[in-house]
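Everything quoted here is computed from the prediction, not taken from an experiment.
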Amino acid sequence: ASYIALTDLANAVSPLQAQWLARKMGYSLVASRCHARQFRPAYQLVARTTDTEKIAVLSIRGTREICDISTDSRLAQDTSFSIDMHEGMSQAARWLLNDQKMRPTLKRFHDAGFKIVIVGHSMGGGVATLLSLHLSTELPDLAVYAYAPPACVSEHVADADEWLKNHVTSIIYRDDIVPRASTRNVSVLATELIRRKAEWEPLAREDFSAFKERLKSVWAPARRQPEKVWALHDNDGAPPAVRMRVDEHAHDGDDDAQMEVEESQHAEFTPASGSAAARKLEREQLKEKAKAEQQQLQLQQQQQKVKPERPAPPAVIPTDTIITDPSQIRLVPPGRILHIYCCQGAIEASVITHRFAGMRRIELYENLISDHKLSTIHEGLCAVTASRCAPDSPPRWRSTKDDEAAICAVCRHDVTWADTSSSEAQKARAMYHCRACGEIVCGECSGRQMALPRIGIAFPARVCDACYWRSQPFFHVSSSKVTTTASATASPTAPPPASATASASASASASMSASDSAGAAE
């Protein structure tokens with residue numbers, strides 16, 4: 001993480017700006033090139049001498065200009081170095097060595113006792129890796145840190161080259177597509193999309209039909225419908241309610257840890273009339289009706305399936321087959337890989353190899369582009385530190401395979417009530433987990449964000465409305481009482497200490513006696 005700022009230094013637009021930024025970080029600018037050409041990336045070389053260390057850092061810029069795209073797209077095999085690697089980045093590395101005199105320059109720093117570090121983001125990380133292979137004999141203690149590097153070396157090189165394993169570290173954040181976007185992985189993705197067309201095409205058609213229907217209504221706002229929660233009523237036919245976990249200590253000082261306070265949020269809802277048996281019979285009839293409609297919809301989807309004119313590809317795609325065509329050699333991220341991932345809302349990190357299943361295929365997630373940003377990687381590294389230093393563990397997330405997984409835990413409606421479509425694909429996209437309590441909520445009930453440092457979430461993350469308001473100093477639970485909870489920085493799932501609860505209750509009583517109107521507004 002300490003080299004992130006130096007990696008961003010390569011994005012300077014002029015040598016004057018690069019010199020100013022380097023001095024802010026305690027470095028002196030040695031060499032600078034701020035504009036790239038084909039196979040000639042921009043870079044900055046800085047050095048620093050202190051009482052404890054002497055270090056020189058070469059920062060290589062990633063893709064930023066149109067000419068950088070031509071370097072990225074040169075995917076052919078480079079045979080000049082007797083190993084399989086990305087040709088475009090290999091040419092850029094040789095240009096730095098020969099034309100820019102990086103070999104004698106870095107060797108001079110090394111002989112003077114400097115530690116040599118090469119850093120780069122995206123394409124710059126790939127060029128830094130291939131540059132280190134050329135310098136491995138002259139600089140045996142060279143260190144390379146590649147942030148979100150592309151696949152630039154072959155599997156054989158990644159497995160056999162001990163230099164890459166010991167001196168090159170690749171940092172990959174979550175579902176970043178760039179390290180996975182090799183020719184082989186793109187081919188596997190295209191083949192899988194064709195093979196599974198019968199699965200995703202009906203869902204896409206259903207979403208598009210729902211879009212057209214809502215467009216005809218001039219995009220009328222969606223509203224919660226009471227009939228959508230008929231299966232969630234209590235045994236006595238009570239209307240749906242929002243259930244909020246409230247600390248019992250803050251409410252009335254009893255020994256129990258928590259209580260459930262239910263407030264009806266649907267004034268327009270009218271309970272079924274008649275006896276309890278009649279209401280139960282009505283609910284059973286609604287269940288049967290919904291089941292019949294679901295079966296009819298599945299039958300229509302099956303009838304709309306189009307049989308492929310040609311035989312489908314095999315179900316199992318051989319990913320480890322030896323390829324004789326150089327253009328089809330699988331390129332992989334270099335060195336040891338530090339993979340940053342999300343687990344139960346907290347950000348963790350593990351050291352993996354390129355043979356990890358998540359690195360050998362492209363998953364189509366919404367965040368596959370945003371995860372490639374250098375600022376996102378920086379936040380991820382900070383979040384890993386916060387997660388490992390947190391006193392409490394994050395709550396266990398509710399499984400999406402539960403019977404009521406598609407029901408929002410706050411408003412008790414289907415999670416797709418505010419969406420245009422209600423298909424199975426849209427339900428999967430509309431399920432959000434609250435980072436504070438782990439429940440599944442809809443997008444309308446989880447629009448707020450909040451940091452939860454006690455469970456290792458250092459940056460604002462999605463929380464449900466119940467947890468958000470429960471974390472505030474004062475919140476309204478009934479028309480005649482205001483209670484207090486822990487501060488906003490504490491975990492909403494943990495009860496406050498007794499002393500803190502007593503002082504908070506006293507301050508709440510004082511504020512109520514001073515101004516009843518202000519307390520009611522809170």
Novice: Determine whether the side chains of Ser59 and Gln44 contain a donor N or O and an acceptor N or O closer than 3.5 Å.
Specialist: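 There is no such pair (donor and acceptor under 3.5 Å, judged by atom type) between the side chains of Ser59 and Gln44.
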
Novice: Under the side chain to side chain donor-acceptor pair (under 3.5 Å) criterion, do Arg94 and Ser90 qualify, and how do the steps go?
Specialist: CA-CA 6 Å; Arg94 292 200 305 272; Ser90 179; 3.1 Å; yes

Novice: Does Lys107 pair with Asp111 as a salt bridge, N-O distance under 4.0 Å?
Specialist: yes

Novice: Between Asp159 and His354, is there a side-chain donor-acceptor contact under 3.5 Å, judged purely by atom types and distance?
Specialist: yes

Novice: With a 3.5 Å cut-off and no angle check, do the side chains of Tyr468 and Gln449 form a donor-acceptor pair?
Specialist: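 No, no side-chain donor-acceptor pair sits under 3.5 Å.
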
Novice: With a 3.5 Å cut-off and sequence neighbours excluded, list the donor-acceptor pairs that the side chains of residues 9-31 form with protein atoms.
Specialist:
{"unit_1": "Asn11", "atom_1": "ND2", "unit_2": "Asp8", "atom_2": "OD1", "d": "2.9"}
{"unit_1": "Ser14", "atom_1": "OG", "unit_2": "Gln17", "atom_2": "N", "d": "3.2"}
{"unit_1": "Gln17", "atom_1": "OE1", "unit_2": "Val13", "atom_2": "N", "d": "2.9"}

Novice: Can you see whether Glu348 engages Ser387 through a side-chain donor-acceptor pair at a distance of less than 3.5 angstrom?
Specialist: yes

Novice: Would you say the side chain of Val153 lies within less than 4.5 Å of the side chain of Val332, judging by non-hydrogen atoms?
Specialist: yes

Novice: Given the side-chain rings of Trp417 and His413, with only the six-membered ring counted for Trp, is the space between their centroids under 6.0 Å?
Specialist: no

Novice: May I ask you to test the Ser375-Ile4 pair for a side-chain heavy-atom distance under 4.5 Å?
Specialist: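 When only atoms from C-beta onward are counted, Ile4 and Ser375 do not touch, as no gap falls below 4.5 Å.
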
Novice: I want to check something: taking the side chain as every heavy atom from C-beta on, are Trp163 and Ser132 in contact at a cut-off of under 4.5 Å?
Specialist: yes

Novice: Ignoring hydrogens and angles, tell me if any N or O in the side chain of Arg180 forms a donor-acceptor pair with the backbone of Asp176 under 3.5 Å.
Specialist: yes

Novice: For Ser421, does its backbone N or O pair with a side-chain atom of Asp419 as donor and acceptor, under 3.5 Å?
Specialist: no

Novice: Is the shortest side-chain heavy-atom distance between Pro104 and Lys101 below 4.5 Å?
Specialist: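 Touching, per the 4.5 Å side-chain cut-off.
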
Novice: Does Lys54 use its side chain to pair, donor to acceptor, with the backbone of Ala112 at less than 3.5 Å?
Specialist: yes

Novice: Got a salt bridge between Glu138 and Arg103, using NZ or NE/NH1/NH2 to carboxylate O under 4.0 Å?
Specialist: yes

Novice: Any salt bridge (Lys or Arg N to Asp or Glu O under 4.0 Å) pairs touching residues 361-376, not counting sequence neighbours?
Specialist: Glu192-Arg361, Arg361-Glu363

Novice: Any Lys/Arg nitrogen of Glu439 or Arg435 sitting under 4.0 Å from an Asp/Glu carboxylate oxygen of the other?
Specialist: no

Novice: When you look at Cys464 and Cys445, which way does the side chain to side chain contact (heavy atoms under 4.5 Å, CB included) test go after all the steps?
Specialist: CA-CA 6 Å; Cys464 65; Cys445 294; 5.6 Å; no

Novice: Would you say the side-chain atoms of Ser182 pair up with the backbone N or O of Ala151, donor to acceptor, closer than 3.5 Å?
Specialist: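 Here the side-chain-to-backbone pair does not exist.
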
Novice: Tell me the ring-ring contact (aromatic ring centres under 6.0 Å, His included) pairs involving residues 89-132, sequence neighbours left out?
Specialist: Phe109-Phe114, His121-His372

